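Everything on this sheet refers to the single structure shown next.
Fair warning: this is a prediction, and the values are worked out from it, not measured in the lab. Labels below follow one simple rule: chain letters A, B, ... track the order of the sequence lines, proteins then strands, and each chain is numbered from 1.
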There are 2 protein chains.
Amino acid sequence: MKKTDELIQSTQQNGQVACDSFHATIEFIGKRWMGIIIYHLLDGPKRYHELATEIDGISDRLLTERLKELEAHGFVVKRTLPSSRKVEYELTEQGIAFDPIIRSILTWVKANGGCTESKTESES
Amino acid sequence: MKKTDELIQSTQQNGQVACDSFHATIEFIGKRWMGIIIYHLLDGPKRYHELATEIDGISDRLLTERLKELEAHGFVVKRTLPSSRKVEYELTEQGIAFDPIIRSILTWVKANGGCTESKTESES
DNA sequence: CAAACAAGCTTACCAATAGTAAGCTGAATT
DNA sequence: AATTCAGCTTACTATTGGTAAGCTTGTTTG
């Protein structure tokens, strides 16, 4: 049995469907900043500004956009504390389920040292 | 101990550096089509056109670009069979190391049904 | 209690990345 | 010899992201 078949079977009995949702999923969590936002939310509920501060380089626009997307997909709940302007974002159970993915990436980074070395010297 | 700290410590003793390479890595493998290309290459060496056919919707331009990036980072080797116009791409050991990440995403997809349901009805 | 400020967005504009489609090269087929 | 087809490359458009400013409403401060 080929490896890909094995992988596909591990999700569903229908290769194509599994492949489609795999595609949709990896494209979703692969959107810029998405993984990092999830990573920081795995720490527990965070306020908007807290995230904006912790995630170096992200802009308000994209942070808001990504949080909305996460919320729309049910990975995050937005809790607006009613008495004040405090807003908290918290991962849902489905969102917390991303943890193994994040951990597997961290494991990879640990083993391989990350993707920072560009090795682009092969182009003359 | 907070969860994030724990995650960071699992990679390095220095939180910031670990976070940086995590960022770089997740942005790299999160690039459009990157994960899907790796997923298909986990099956074994593939020819260019084979990948282009299997990965539905990808364009020549992006497939070439992503393969070059993977090659530049040492995740893929390009083997040009000299007698003909056959070109094969194969994951290196470092590339094969992505397998657990792909698997963790597949596991997630299996458990959660993927990211296809948009649930955007919350906006009136 | 009015002015200033700050959190949490929103908008506008420009840059970078991706999609589309066509073309190019050179081996293989007819 | 002409055609086809793999494996790119180029040119152009569309979508996405970055930057910066502004808006709104609650809080603080004089």
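Closest to the A/Thr64 side chain, of the nucleotides C/dG19, D/dT9, C/dC9, is C/dC9. For A/Arg47, counting side-chain heavy atoms from C-beta on, the closest listed nucleotide (C/dG8, D/dG7, C/dT11) is C/dG8.
Summarising the geometry, atom CD1 belonging to B/Ile37 is positioned 11.5 Å from atom CD belonging to B/Glu54; distances are rounded to the nearest 0.5 Å.
Rounded to whole Å, atom C1' of D/dT13 lies 14 Å from atom CG of B/Leu62. The distance from atom CG of B/Leu63 to atom C1' of D/dA6 is 12 Å, rounded to the nearest whole Å. Atom C1' of nucleotide C/dA7 and atom NZ of A/Lys46 are separated by 17 Å, given to the nearest angstrom. Separating the CD1 atom of A/Ile58 from the C1' atom of D/dT19 is a distance of 14 Å, rounded to the nearest angstrom. Distance, B/Tyr48 OH to C/dA27 C1': 17 Å, rounded to whole Å. Rounding to whole angstrom units, CD1 of residue A/Ile36 and P of D/dG18 are separated by 10 Å. In this entry the distance linking CG of A/Asp56 with P of D/dG18 reads 13 Å, nearest Å. Separating the CZ atom of B/Phe28 from the P atom of C/dT17 is a distance of 14 Å, rounded to the nearest angstrom.
Between A/His40 and A/Trp33, the gap from one ring centroid to the other reaches at least 6.0 Å.
Residue whose closest nucleotide on DNA chain D sits further toward the 5' end, between B/Lys78 and B/Arg32: B/Lys78. Residue A/Leu67 is the one, among A/Leu67 and A/Glu27, whose nearest nucleotide of DNA chain C lies closer to the 5' end (criterion: closest heavy atom). Heavy-atom distances to DNA chain C give each of B/Asp60 and B/Arg66 a nearest nucleotide, and the one nearer the 5′ end belongs to B/Arg66.
A continuous path of Ile, Leu, Val, Met, Phe, Trp and Tyr side chains, each step under 4.5 Å between heavy atoms, connects B/Ile96 with A/Ile26, placing both in one hydrophobic cluster.
For C/dT17, the OP1/OP2 oxygens have no side-chain nitrogen or oxygen of A/Lys31 closer than 4.0 Å. For the pair A/His49 and C/dA7, the criterion of a side-chain N or O lying under 4.0 Å from OP1 or OP2 is met. An OP1 or OP2 oxygen of D/dA6 is reached within less than 4.0 angstrom by no side-chain nitrogen or oxygen of B/Tyr89.
B/Arg85 contributes a side-chain N or O that forms a donor-acceptor pair with the base of D/dC5 under 3.5 Å. For B/Arg61 and C/dA18, a side-chain-to-base donor-acceptor distance below 3.5 Å is present, hydrogens and geometry of angles not being considered.
Within the 3.5 Å criterion, the main-chain N or O of A/Gly74 finds a donor-acceptor partner in the side chain of A/Thr92.
Residues B/Lys68 and B/Glu65 are not paired through a salt bridge, judged by the lack of any N-O separation under 4.0 Å between the basic side chain and the carboxylate.
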